[in-house]
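Reviewing the structure listed below.
Naming: A, B, ... by sequence-line order, numbering from 1 per chain. Keep in mind it's a predicted model, so treat the numbers as computed, not measured.
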Amino acid sequence: MEQLNTLWVNTGLYQISPGQALMLLVGMLLLYLAIVKNFEPLLLLPIGFGAILANIPGAGIAEGNGILHIFYVVGIESGAFPLIIFMGVGALTDFGPLLANPKTLLLGAAAQFGIFATLLGAIGLTAVGVFDFSLTDAAAIGIIGGADGPTSIYVASKLAPDLLGAIAVASYSYMALVPLIQPPIMRALTTEKERQIEMVQLREVSAREKIIFPIMLLVLVALLLPDAAPLLGMFAFGNLMKESGVVDRLSDTTQNALINIVTIFLGLAVGSKLMADKFLQIDTLGILLLGMVAFAIGTACGLIMAKIMNIFSKHKINPLIGSAGVSAVPMAARVSNKVGLESNPHNFLLMHAMGPNVAGVIGSAIAAGIMIQFLG
Amino acid sequence: MEQLNTLWVNTGLYQISPGQALMLLVGMLLLYLAIVKNFEPLLLLPIGFGAILANIPGAGIAEGNGILHIFYVVGIESGAFPLIIFMGVGALTDFGPLLANPKTLLLGAAAQFGIFATLLGAIGLTAVGVFDFSLTDAAAIGIIGGADGPTSIYVASKLAPDLLGAIAVASYSYMALVPLIQPPIMRALTTEKERQIEMVQLREVSAREKIIFPIMLLVLVALLLPDAAPLLGMFAFGNLMKESGVVDRLSDTTQNALINIVTIFLGLAVGSKLMADKFLQIDTLGILLLGMVAFAIGTACGLIMAKIMNIFSKHKINPLIGSAGVSAVPMAARVSNKVGLESNPHNFLLMHAMGPNVAGVIGSAIAAGIMIQFLG
Amino acid sequence: MEQLNTLWVNTGLYQISPGQALMLLVGMLLLYLAIVKNFEPLLLLPIGFGAILANIPGAGIAEGNGILHIFYVVGIESGAFPLIIFMGVGALTDFGPLLANPKTLLLGAAAQFGIFATLLGAIGLTAVGVFDFSLTDAAAIGIIGGADGPTSIYVASKLAPDLLGAIAVASYSYMALVPLIQPPIMRALTTEKERQIEMVQLREVSAREKIIFPIMLLVLVALLLPDAAPLLGMFAFGNLMKESGVVDRLSDTTQNALINIVTIFLGLAVGSKLMADKFLQIDTLGILLLGMVAFAIGTACGLIMAKIMNIFSKHKINPLIGSAGVSAVPMAARVSNKVGLESNPHNFLLMHAMGPNVAGVIGSAIAAGIMIQFLG
Amino acid sequence: MEKVDLIEQALNLTSFGMGFVFLFLTLLVFVTKLMSIIIRKIKITGHVEEQETQHNNNKSLYDELDEETKFVIEQAIKMHRGA
Amino acid sequence: MEKVDLIEQALNLTSFGMGFVFLFLTLLVFVTKLMSIIIRKIKITGHVEEQETQHNNNKSLYDELDEETKFVIEQAIKMHRGA
Amino acid sequence: MEKVDLIEQALNLTSFGMGFVFLFLTLLVFVTKLMSIIIRKIKITGHVEEQETQHNNNKSLYDELDEETKFVIEQAIKMHRGA
Ligand code: NA
Ligand code: NA
Ligand code: NA
């Protein structure tokens with residue numbers, strides 16, 4: 001009888017807290033979004049599963065010597081996983097459209113205002129007593145507006161590890177929601193005539209330019225903002241492996257086996273931060289709300305910047321590509337293309353939008369470097 | 001002259017102990033079994049090679065800062081390698097036949113009696129003074145009867161790390177010996193008429209069922225036996241990656257590069273536990289004997305369970321598929337098919353036997369969870 | 001204003017030391033050699049990029065918790081990366097030509113004199129006061145003459161970690177320079193008639209011989225020089241995986257995803273040792289000079305040994321294959337072939353030169369074992 | 001005394017262990033059957049509904065995007081490769 | 001007091017942050033344009049020169065090696081595979 | 001004094017090192033040749049024997065399994081893929 005009792009008190013049913021039960025449902029919601037709604041499944045499926053594992057009562061998978069906690073310490077606390085993912089993203093990025101039209105970098109700059117507006121919002125809401133975020137918390141939350149998962153995770157692991165779970169979930173969820181969030185804002189802030197603007201064909205970009213660009217980017221970062229160097233350094237390294245053409249076997253592995261392996265463990269490790277007692281707080285709601293706002297503001301600022309640039313430039317930019325400056329590669333660029341086609345069925349903006357799209361990756365990493373320098 | 005002497009006293013020839021010499025031969029025997037006899041070469045080749053490296057006199061490869069000891073601490077002591085392998089096995093498993101005929105799960109349950117009978121045997125032989133096993137040792141030895149390499153290694157690393165080498169070797173060796181061990185038992189315990197039973201064609205299983213099953217399995221484990229959650233959680237995760245169809249690149253990498261890389265280092269690390277002073281003990285002989293018994297009993301119980309189920313059910317089961325309940329995927333299912341064909345050349349039992357076969361994986365993991373809960 | 005100042009004092013421009021600026025240029029020189037001159041790009045591109053990252057002022061990427069320092073500690077200080085690379089090299093090596101003509105092993109032995117001559121040179125120059133190398137430093141520098149990158153890195157990490165960056169760079173650079181360094185020496189030390197010698201067709205080698213050779217090699221190492229066992233053990237393991245034919249999926253992954261992943265992180269980690277304050281020393285110049293000498297002497301000794309062997313043997317060896325004994329697989333063998341074709345356009349020496357080429361790998365690992373045994 | 005205790009513990013573990021294994025897998029049999037029945041029911045009743053919603057739900061937005069941009073991406077890539 | 005301080009810090013960070021982001025990316029625009037112009041200039045002036053040196057430089061040594069040995073390697077491998 | 005010692009050590013290491021390298025590789029030459037000879041002898045004498053045992057040994061059990069089940073597996077997979 002004693003052993004039957006031991007068995008019973010060790011079941012999950014006996015030990016489960018309401019919070020854990022709720023978090024199991026949250027984990028399943030993430031799986032549902034990933035599998036059925038196709039929301040960034042590469043990350044949300046492992047995160048969702050990790051969340052379920054982390055909230056199994058009594059198993060301790062996300063604590064102490066639990067395997068997910070080990071993955072977290074080894075991969076995220078060290079910074080290794082997000083940096084390796086960023087290297088892989090670099091190896092998958094084509095800077096061609098950006099090099100053909102460098103001024104679209106400014107669209108990527110403008111869209112970062114979403115980050116700082118959210119920082120201000122978080123601090124403002126703390127000031128009026130709605131939430132209780134520190135400046136480092138607010139900075140980590142703001143980076144959600146950068147629409148770059150690995151950047152968000154990297155910054156959160158440095159500045160606000162307790163909020164990492166919520167920030168990562170918000171980041172990837174909103175990246176997946178880009179096709180829903182952006183179009184209304186894009187239609188509201190542009191005139192039909194603006195949306196019909198056709199852009200000049202992009203010039204050919206030579207292999208040499210593509211090889212020199214990542215090195216040049218790294219040197220500029222090294223000289224001006226060393227705190228952004230880990231992120232942009234690994235990004236540039238991945239891109240150089242791809243563009244140099246002399247290490248194709250390394251580049252191929254980086255784009256496939258390596259990034260896939262790290263994605264799996266990154267996702268599980270992020271999921272481990274969705275334990276009930278840390279996640280089920282009013283702060284999480286604040287993060288989700290503020291993250292949404294960050295996306296909307298970033299989108300708007302990208303559009304507005306494009307309109308401002310059109311005042312001064314003779315080669316007109318279709319402002320719809322401005323919204324791609326939030327990054328969320330390549331979804332945001334595809335949204336620009338889609339909304340553009342609604343107004344002009346012969347106007348393919350995709351390649352034009354890829355410029356601000358990758359510029360947004362650089363811009364967010366720069367913003368992340370600033371946050372780490374001032375607050376890290 | 002002094003240096004010549006230094007050279008000589010540092011040679012393996014000078015330092016070798018009889019035990020190490022014997023273990024070098026054991027390592028070569030494992031290589032022979034792997035390469036020539038084709039016994040589970042994916043594991044026995046690395047284990048055999050690891051055993052040789054671990055017993056090189058004076059090299060210390062399996063101790064202190066030696067590379068195999070590092071692999072062991074990082075990969076096995078942490079539990080990471082067996083769990084990652086289990087994730088890979090999950091990504092390679094098709095639950096279709098099990099879902100088409102869920103009652104075959106009971107065959108997978110019955111076959112686990114091999115585990116507990118062996119536990120009893122080990123304790124009994126300790127009681128009469130033949131061996132000297134603790135209850136945790138006996139439990140770890142029993143799991144050999146589960147015919148799942150990673151489960152054996154995981155449990156041994158938790159309950160009896162000193163016996164890990166012998167347990168892993170026994171586990172993989174007997175899995176390889178399934179085509180020799182099982183047929184005589186199968187023929188002895190079934191009548192010709194039973195062996196001729198033809199089973200009804202399995203129904204089609206929808207993608208949805210396959211997606212929901214691993215999640216359901218995980219929830220059930222979470223609620224009833226949290227200590228089995230790491231093993232079955234990673235297993236279910238691998239399976240969900242495969243069946244969801246939305247993360248094919250992660251699933252492909254898991255089934256190939258990732259499981260292969262981990263298999264290499266797992267094998268070498270297990271081999272490091274075959275050092276002479278730990279392995280050459282009377283206990284090892286006991287483990288090898290008891291492991292064999294575990295397999296035989298598990299096989300028998302699976303067969304008997306099938307016969308019992310036939311008493312109560314109108315859809316008759318061919319009892320030959322019961323032996324597949326020990327798992328040893330997919331070898332045991334193929335043995336069921338082969339023995340069935342001897343009695344009825346038109347009776348293909350393979351897909352029917354895959355049900356109990358994967359059920360045996362779940363059953364062993366549950367038994368492992370029980371052991372860890374009561375003794376861990 | 002205060003924050004503007006903070007921003008300014010944190011820029012790289014403000015913090016950069018002349019040494020760091022110089023090392024950034026060195027990093028770019030390595031990238032240039034890798035990308036434009038095609039010098040061992042698989043290693044020199046990651047090393048060069050790592051060197052740039054390591055010298056970004058104020059970023060601390062190669063110190064403390066910086067990501068490159070983590071890669072270094074985890075992968076190189078532990079010995080894991082060079083050993084895994086050596087396993088991969090083993091899986092890529094074909095011992096066939098060596099087995100068909102075993103006496104070419106002696107050419108691989110003779111070429112190792114480059115290692116010891118360099119050791120003597122380093123000590124000699126220390127004795128006359130030009131440099132200040134300890135015996136362990138000199139030994140690690142000598143191994144550059146072995147023309148095996150992973151062996152150099154492994155030995156340097158054990159005997160002279162401070163010199164690791166310079167040694168690795170010299171090692172890979174000179175391996176890339178083999179087509180420039182060797183031909184003049186080869187032409188100077190052989191007569192036209194010798195260069196025209198045609199060798200007898202190599203016999204067929206059976207699969208069994210290829211399977212047994214790595215095991216035999218390991219046993220011989222185990223009995224005679226345990227300190228070479230980690231290196232040659234992993235090498236033999238990789239080769240056995242390939243030749244056994246029973247673990248093709250492990251062998252394939254080792255030759256591709258695994259070696260590629262480790263190469264990336266090994267390169268970056270080696271690059272982290274090119275920090276200005278460690279690298280910009282007179283010692284580095286000495287290492288670069290001595291490394292070059294080591295290559296030249298090794299090449300010469302291989303050639304001379306072939307000529308000596310021709311005195312005693314009736315089957316004449318073309319002495320041009322002697323230079324391949326320094327290893328630098330497969331470049332040195334291709335150089336032998338090329339120089340041979342100049343004298344006799346129908347004389348293809350490539351396969352004959354592959355024997356001493358892989359023998360050189362074994363020879364260097366043996367020399368490395370000796371160094372570690374006497375000085376480690 | 002100690003040995004008897006050990007044997008008793010082993011017997012206990014066996015009975016509880018095998019009991020639990022059967023309990024768990026039997027439960028799994030029923031839950032699995034239930035799941036399959038529910039899914040097949042939903043499939044039949046939900047078949048028409050599903051077809052109707054197919055053009056309004058979220059996934060179709062992606063699909064639309066996919067179809068529309070597929071052509072462009074291909075063209076763009078072609079153009080760009082040429083560069 | 002503290003809240004005001006916090007808000008001030010946030011505003012400071014925002015102004016410096018956005019300022020720096022624009023500064024950096026504007027600089028990158030100019031540097032990128034400059035790089036493209038230089039490379040295209042070098043390409044035109046360096047075109048003839050490049051063709052001349054093509055047979056003397058280091059890379060061509062490798063190329064030569066490649067061409068000459070390619071045939072041998074293929075044959076050798078063929079021969080060896082047969083073994 | 002110290003320098004002389006250092007040079008002596010280096011000379012010692014060189015002589016023992018090169019000596020050992022040659023010893024080891026010479027030994028490897030002989031052992032390799034011996035191995036090749038033995039294997040080729042076994043191959044010739046063992047040829048007939050091998051063919052006889054081929055149907056009795058362990059490996060053939062697997063082969064048998066393979067051949068018999070290959071067909072079934074293929075069919076089963078086909079059937080299942082359709083599902
Ligand atoms: Na961004
Ligand atoms: Na089992
Ligand atoms: Na060498």
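The parts of B:Ile261 that come within reach of chain C are both its backbone and its side chain, each placing non-hydrogen atoms under 4.5 angstrom from that chain. Interface remark: B:Leu13 contributes backbone and side-chain atoms alike to the contact with chain C (heavy atom separation under 4.5 Å). Interface remark: B:Ile259 contributes side-chain atoms only to the contact with chain C (heavy atom separation under 4.5 Å). Using a 4.5 Å cut-off between heavy atoms, B:Leu42 contacts chain C through both its backbone and its side chain. Of the two parts of C:Leu250, the backbone and the side chain both hold a non-hydrogen atom closer than 4.5 Å to a non-hydrogen atom of chain B. Looking at C:Val221, neither its backbone nor its side chain comes within 4.5 Å of chain B, counting heavy atoms on both sides. For C:Ala228, no part lies under 4.5 angstrom from a heavy atom of chain B.
Residues C:Pro226 and B:Ala59 share a closest heavy-atom pair of O-CB, 3.6 Å. Minimum interatomic distance between B:Ile67 and C:Gly79 (heavy atoms only, all atoms of both residues): CD1-C, 4.0 Å.
Separating the CG atom in B:Leu268 from the CE atom in C:Met87 is a distance of 7.0 Å, to the nearest 0.5 Å. The CG atom of B:Leu31 lies 11.5 Å from the CD1 atom of C:Ile212; values are rounded to the nearest 0.5 Å.
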Between chain B and chain C, going by a 3.5 Å limit, which atoms form donor-acceptor pairs, if any?
from, atom 1, to, atom 2, distance (Å)
B:Gly12, N, C:Leu223, O, 2.8
B:Leu13, N, C:Leu223, O, 2.8
B:Gln255, O, C:Arg249, NH2, 2.6
B:Asn260, OD1, C:Arg249, NE, 2.7
B:Asn260, OD1, C:Arg249, NH2, 3.1
B:Asn260, ND2, C:Arg249, O, 3.2
B:Asn260, ND2, C:Thr253, OG1, 2.8

Please report the C-alpha distance between B:Leu53 and C:Phe237 in whole Å, then the side-chain angles of each, then the deciding distance to 0.1 Å, and finally whether the side chain to side chain contact (heavy atoms under 4.5 Å, CB included) criterion is met. CA-CA 10 Å; B:Leu53 290 176; C:Phe237 177 55; 5.6 Å; no
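Comparing C:Val247, C:Leu83, C:Leu223 by heavy-atom pairs within less than 4.5 Å of chain B, the highest count is held by C:Leu223. Between chain B and the residues C:Gly233, C:Ala222, C:Gly245, C:Ala229, the largest count of heavy-atom pairs under 4.5 Å involves C:Ala222.
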